[in-house]
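Start at 1 and go down the list; that is how both ligands and their atoms are numbered. What you see is a predicted model; the values in this text were computed from it and never measured.
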Amino acid sequence: MSNLQRTREELANKNIKAFLVNDIESVCWLTGFTGSAGIVLLTPNGGRFITDSRYTIQAKEQVSGLDVVTFDTTSDRLGFISGNAREMGIETLSFDGTKMTYAMVDNLAKKLDGIHFASVDDPIAGLRMIKSPEEIDKIRAACKLADACLEHVVRLIQPGVSEYSINLEVEFFYRRHGAALAFEPIVVSGPNSARPHGKATEKLLENGDFVTIDCGAELDGYCSDITRTFVVGKASDRHREVYEQVLKAEKAAIDAARPGITGKELDAVARDLLGTAGLAEYFGHGLGHGLGRLVHDGGALNPSSQTVLAPGQVWTIEPGAYIEGFGGVRIEDDVVITSSGCEVLTFFPKELLELPG
Ligand code: ZN
Ligand code: ZN
């Protein structure tokens with residue numbers, strides 16, 4: 001069933017008579033349109049794709065199953081949208097309040113004059129979490145490229161190389177292979193590696209540093225996200241101890257990932273193990289997040305997540321331990337939930353590497 005059909009069924013099930021899709025990623029997911037501006041007015045039996053004149057030709061080529069209407073960029077966009085809603089006979093237009101600015105809601109409500117305008121929970125979010133086999137193949141390809149990227153940049157790791165130059169090489173690698181960065185890579189070393197979302201700096205790698213590289217590709221509209229931590233030179237006992245505990249937690253979480261478990265329960269698998277090792281206080285973020293068209297694609301695995309894992313969902317599993325003044329470790333893989341467990345999509349080795357090795 002197409003994404004459009006799935007969404008129409010969802011609208012009917014939730015008794016939503018008309019829904020304004022204005023999140024561009026959801027618009028792309030729904031229609032196949034790859035431009036940067038467009039909205040859909042969707043009803044259980046019909047709908048219009050609305051974009052501006054920059055995309056008239058592209059929209060006709062890419063969008064099927066919906067009437068395509070375009071307006072001139074110099075004209076009144078919200079007026080055009082409300083005019084279309086009226087022509088479609090919409091009486092109540094629902095929208096996802098988390099995807100609209102206050103100004104847009106306020107202005108559109110005025111233009112809709114006579115049409116009821118209501119905020120609802122996004123009916124598309126849950127659907128987008130369950131990836132089709134085609135989407136999973138695209139994520140798999142992005143993961144393969146992320147593995148290859150790490151294989152490539154690992155060769156650069158040695159004392160005297162800056163975090164920034166590794167960061168740059170990650171970007172070159174993805175661009176050379178027809179991909180984009182799924183997000184700004186994280187390359188942090190030594191004490192900087194205790195910053196989970198630190199940025200690459202001019203700092204040079206030194207013997208005895210942990211180096212964490214967190215990077216992902218965006219390929220054909222889908223993202224990957226992988227993290228590995230290495231040691232420059234010889235690993236100390238402390239390096240090994242922290243690394244092995246994070247690795248143990250990561251593997252245990254992957255083993256436990258299966259349909260029916262909640263995000264909170266899966267997070268606890270890793271968090272409890274790190275707690276037993278005396279490292280819980282150093283694990284300050286959630287275990288993982290949904291992955292897809294966006295690197296944070298909806299859904300989270302953390303101590304408050306009620307999300308129930310289901311086949312077709314794609315998650316990152318990324319426990320870490322970050323010790324101020326010493327350094328940090330994070331190990332992150334991407335998995336797709338299957339009927340009985342999960343399939344790991346990233347393959348770069350996970351045993352502690354001392355580099356150059
Ligand atoms: Zn990551
Ligand atoms: Zn991640």
Checking distances from the Zn ion (ligand 1), one finds that the N, O or S atom of D214 closest to it is OD1

The Zn ion (ligand 1) - name of the N/O/S atom of D225 that sits closest to it = OD1

So, the side chain of N22 versus the backbone of I39: is there a donor-acceptor pair under 3.5 Å, distance only?
-> no

Side-chain donor or acceptor of D214 paired with backbone N/O of I186 under 3.5 Å | no

Stepwise ring-ring contact (aromatic ring centres under 6.0 Å, His included) check, F326 with H239 | CA-CA 9 Å; F326 173 65; H239 283 130; 5.4 Å; yes

What angle, to the nearest 10°, do the atoms OE2 (E318) and NE2 (H289) form about the Zn ion (ligand 2)?
-> 80°

Strictly under 2.8 Å, is any N, O or S atom of E332 next to the Zn ion (ligand 1)?
-> yes

For the pair F80 and F71, name the ring-plane relationship: parallel under 30°, tilted 30 to 60°, perpendicular over 60°.
-> tilted

